[in-house]
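In what follows, a structure is listed as structure tokens, so that the remarks can point back to it.
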Amino acid sequence: MRSYHIETPGTVDGIVARDTAARPEPGPTDIVVRVHAVSLNRRDLLILDGSYPLKAAPGVIPVSDGAGEVVAVGEAVTRFTVGDRVTSTYFPRWIDGRITPALIDQPGATLPGMLAEYVRLDQEAAVAAPAHLSWEEAACLPCAGVTAWNALTGADPVLPGETVLTLGTGALSLFAVRFAKTLGAEVVATTSRPAMADRLKALGADHVIDHARNPAWGRAVRELTGGRGADLVVETGGPDTIEQSVRAAGLYGRLVLVAAGGPRRPSLEISTDALASSLVSMRRIFVGSRTQFEGMNRAITRNGLRPVVDRVFAFDEVHEAYRHYAAGEPFGKVVIRVA
């Protein structure tokens, strides 16, 4: 069995392949999964350079998101059978309700990740993959997909006819555009790349604002909505965008905060003037529970939705995949095909 490990943090070349004699064997409540594809998230870069809040285990197998086929089950397993198509979960022990400190372990950080030909998972740490998705598409769901779904449906969910604002063309924002439109919302999206406007509209965005040409794009959002502002803002830019996001929000708007820090600005700053312009409420989220994941998958299946895949790399192109993801602004998910 071949797997990749972070042997030298801080450099992509520090991710090293190892060969072992045999695939893992399941414990009583475990499943063994033949991994077909994994996808990268920003957290994978942060774990590699040591800036992620959780310290990575020495020599850890990286990457949280993957999809594959169950090839063996323990004698006490009841949730899956051999041949089932499954995906990993970002928080393997967070089943439902609120997260607690006891549930924060994550694959690819404190637990072995998915960048291997075979992985062993507790049966509670996997979900059934939507049947209509390819392996590459299914591997895109656990982090960006669930986070976007939580942003739109958790706590104070978006209602049909409300306006949702998404920022940029990262994978999470693309999921949010698609989900918001499916839920009956009007969608306003921002981008600094004019060439992406048509692609955002093809996913469901009703309006696209070029935030490079409109630095005060919060005002542009209000103009598009007849002065009302956005009912819900999926805030993925953190310190770089929070001021305009607050200005774009409606009087009783909701702002879902995904990113709280950035490489250029370590903290959020919101002017008193922006805060005085509305009664916006802010909710911080971090991915979501398995129950939310399963609810998202039902919506994906019912509506025939598919994640946006930017590019697929081979299993021996792991370093190239990481560099491609780190160097540019992919439109959608960067995927590594394992099997």
Quiz prompt | Nearest-0.5 Å distance, CH2 of residue Trp94 to OG1 of residue Thr100 | solution = 9.5 Å
Exercise. Could you give me the CA-CA distance, side-chain angles and deciding distance for Arg298 and Asn303, then say whether side chain to side chain donor-acceptor pair (under 3.5 Å) is met?
Key: CA-CA 9 Å; Arg298 288 192 293 273; Asn303 293 281; over 6 Å; no
Distance-only donor-acceptor hits, side chain of residues 330-339, under 3.5 Å, sequence neighbours excluded:
from   : atom 1 : to     : atom 2 : distance (Å)
Lys333 : NZ     : Ser39  : OG     : 3.4
Lys333 : NZ     : Leu40  : O      : 3.0
Lys333 : NZ     : Asn41  : OD1    : 2.6
Arg337 : NE     : Glu136 : OE2    : 2.7
Arg337 : NH2    : Glu136 : OE2    : 3.3

Quiz item: Backbone N or O of Ala220 within a donor-acceptor pair of the Glu223 side chain at under 3.5 Å?
Solution: no
Quiz item: If you measure from the Lys or Arg side-chain nitrogens to the Asp or Glu carboxylate oxygens, is any gap between Asp210 and Arg193 under 4.0 Å?
Solution: no
Quiz item: For the hydrophobic clusters of this structure (ILVMFWY residues joined by side-chain heavy atoms under 4.5 Å, transitively), does one cluster hold both Leu141 and Ile285?
Solution: yes
Practice problem: Is it possible for you to say whether Tyr4 and Leu48 belong to one hydrophobic cluster, with membership spreading through side-chain heavy-atom contacts below 4.5 Å? | Solution: yes
Practice problem: Say whether, by atom type as modelled, one donor and one acceptor occur between the side chain of Arg79 and the main chain of Ala126 under 3.5 angstrom. | Solution: yes
Quiz item: Side chain of Thr190, backbone of Ile209: donor and acceptor closer than 3.5 Å?
Solution: no
Practice problem: Report whether Val258 and Leu45 are members of the same hydrophobic cluster (ILVMFWY, side-chain heavy atoms less than 4.5 Å apart, transitive linking). | Solution: yes
Quiz item: Are a donor atom and an acceptor atom from the side chains of Ser51 and Asp49 found within less than 3.5 Å of each other?
Solution: yes
Quiz item: Short question: side chain of Arg222, backbone of Ala249 - any donor-acceptor pair under 3.5 Å?
Solution: yes
Practice problem: Under the side-chain contact (heavy atoms from CB on, under 4.5 Å) rule, what do Ser271 and Glu243 come out as? Steps first, then yes or no, please. | Solution: CA-CA 7 Å; Ser271 69; Glu243 172 82 7; 2.6 Å; yes
Quiz item: What pair of heavy atoms forms the shortest contact from Thr87 to Ala129, and how long is it?
Solution: CG2-CB, 3.9 Å
Quiz item: With a cut-off of under 6.0 Å to the ring centre and 45° to the axis, is Arg85 in cation-pi contact with Trp135?
Solution: yes
Self-check item: 4.5 Å side-chain heavy-atom contact, Asp30 and Gln123
Solution: no
Practice problem: Begin with the C-alpha distance, continue with both residues' side-chain angles, and end with the deciding distance and a verdict on salt bridge (Lys or Arg N to Asp or Glu O under 4.0 Å) for Lys181 and Asp206. | Solution: CA-CA 9 Å; Lys181 198 62 183 175; Asp206 297 284; 2.8 Å; yes
Quiz prompt | Test item: Arg178 side-chain N/O and Phe175 main-chain N/O as donor-acceptor pair under 3.5 Å | solution = no
Self-check item: Side chain to side chain, His319 and Asp13, heavy atoms closer than 4.5 Å
Solution: yes
Exercise. Check step by step if salt bridge (Lys or Arg N to Asp or Glu O under 4.0 Å) holds for Glu162 and Arg254.
Key: CA-CA 11 Å; Glu162 289 192 319; Arg254 295 100 73 196; 3.0 Å; yes
Quiz item: Are Leu232 and Val188 joined in one hydrophobic group, where the rule is that I, L, V, M, F, W and Y side chains link up if heavy atoms are under 4.5 Å apart?
Solution: no
Self-check item: Evaluation steps, side-chain contact (heavy atoms from CB on, under 4.5 Å), between Ser64 and Met114
Solution: CA-CA 6 Å; Ser64 59; Met114 297 296 291; over 6 Å; no
Quiz item: Between CZ of Phe80 and CD of Glu69, what distance do you get to the nearest 0.5 Å?
Solution: 13.5 Å
Practice problem: Indicate whether any N or O donor in one side chain lies under 3.5 Å from an N or O acceptor in the other, for Arg219 and Gln244. | Solution: no
Practice problem: Measure from the ring center of Tyr90 to the ring center of Phe293 and say whether it is less than 6.0 Å. | Solution: no
Quiz item: Backbone N or O of Gly68 within a donor-acceptor pair of the His36 side chain at under 3.5 Å?
Solution: no
Quiz item: What about Phe313 and Val12, same hydrophobic cluster or not, with Ile/Leu/Val/Met/Phe/Trp/Tyr joined at side-chain heavy-atom distances under 4.5 Å?
Solution: yes
Self-check item: Stepwise side chain to side chain donor-acceptor pair (under 3.5 Å) test for His207 and Glu186
Solution: CA-CA 9 Å; His207 310 281; Glu186 181 179 33; 3.0 Å; yes
Practice problem: Would you check if Asp122 and Pro92 make a side-chain contact, meaning some heavy-atom pair closer than 4.5 Å? | Solution: no
Self-check item: For the student: nearest non-hydrogen atoms of Ala67 and Ala138, plus distance
Solution: CB-CB, 3.8 Å
Practice problem: May I ask you to decide if Met1's main-chain N or O and Thr20's side chain share a donor-acceptor pair within less than 3.5 Å? | Solution: yes
Practice problem: Go through the steps for Asp231 and Val158 under the test side-chain contact (heavy atoms from CB on, under 4.5 Å), then give the verdict. | Solution: CA-CA 8 Å; Asp231 297 290; Val158 65; over 6 Å; no
Quiz prompt | Contact summary for Val146 and Met296, nearest pair of heavy atoms | solution = N-SD, 3.6 Å
Quiz prompt | Shortest non-hydrogen separation from Ala274 to Val246 and the atoms involved | solution = O-CG1, 3.6 Å
Quiz item: When rounded to the nearest 0.5 angstrom, what is the spacing between CG in Asp105 and CG in Leu111?
Solution: 4.5 Å
Quiz item: What distance separates Thr8 OG1 from Ile15 CD1, expressed to the nearest 0.5 Å?
Solution: 10.0 Å
Exercise. Could you tell me whether the side chain of Phe91 reaches within less than 4.5 Å of the side chain of Val287, counting heavy atoms only?
Key: yes
Self-check item: Tyr52 and Phe286 aromatic ring geometry - parallel, tilted or perpendicular at 30°/60° bounds
Solution: tilted
Quiz item: Going through the distances and angles, do Leu172 and Thr236 end up as a side-chain contact (heavy atoms from CB on, under 4.5 Å)?
Solution: CA-CA 8 Å; Leu172 194 159; Thr236 52; 3.8 Å; yes
Quiz item: Less than 4.5 Å apart, any side-chain heavy atom of Ser281 and any of Asp156?
Solution: no
Quiz prompt | Donor-acceptor side-chain pairing of Thr169 and Glu329 below 3.5 angstrom | solution = no
Practice problem: Say whether, by atom type as modelled, one donor and one acceptor occur between the side chain of His211 and the main chain of Gly218 under 3.5 angstrom. | Solution: no
Quiz prompt | Check: Asp316 and Arg2 side chains under 4.5 Å, non-hydrogen atoms | solution = yes
Quiz item: Minimum heavy-atom separation for Ala176 to Val234, with atom names?
Solution: CB-CG2, 4.3 Å
Quiz item: Roughly how far, to the nearest 0.5 Å, is the OG1 atom of Thr166 from the CG atom of Leu152?
Solution: 9.5 Å
Quiz item: Atom CG of Leu103 and atom OG of Ser289: how far apart are they, to the nearest 0.5 Å?
Solution: 10.5 Å
Quiz item: Looking only at heavy atoms, what is the nearest atom pair of Pro24 and Arg120, with distance?
Solution: CB-NH1, 3.9 Å
Quiz item: Do Thr191 and Arg199 have side-chain heavy atoms sitting under 4.5 Å apart?
Solution: no
Quiz item: Would Arg290 and Glu124 count as a salt bridge (Lys or Arg N to Asp or Glu O under 4.0 Å) if you check the C-alpha gap in whole Å, the side-chain angles of each, and the deciding distance to 0.1 Å?
Solution: CA-CA 9 Å; Arg290 194 188 78 195; Glu124 303 294 342; 2.6 Å; yes
Quiz item: Got Val86 and Val127 here, is their nearest side-chain heavy-atom distance under 4.5 Å?
Solution: no
Self-check item: Distance-only polar pair, side chains of Glu235 and Thr241, donor-acceptor under 3.5 Å
Solution: yes
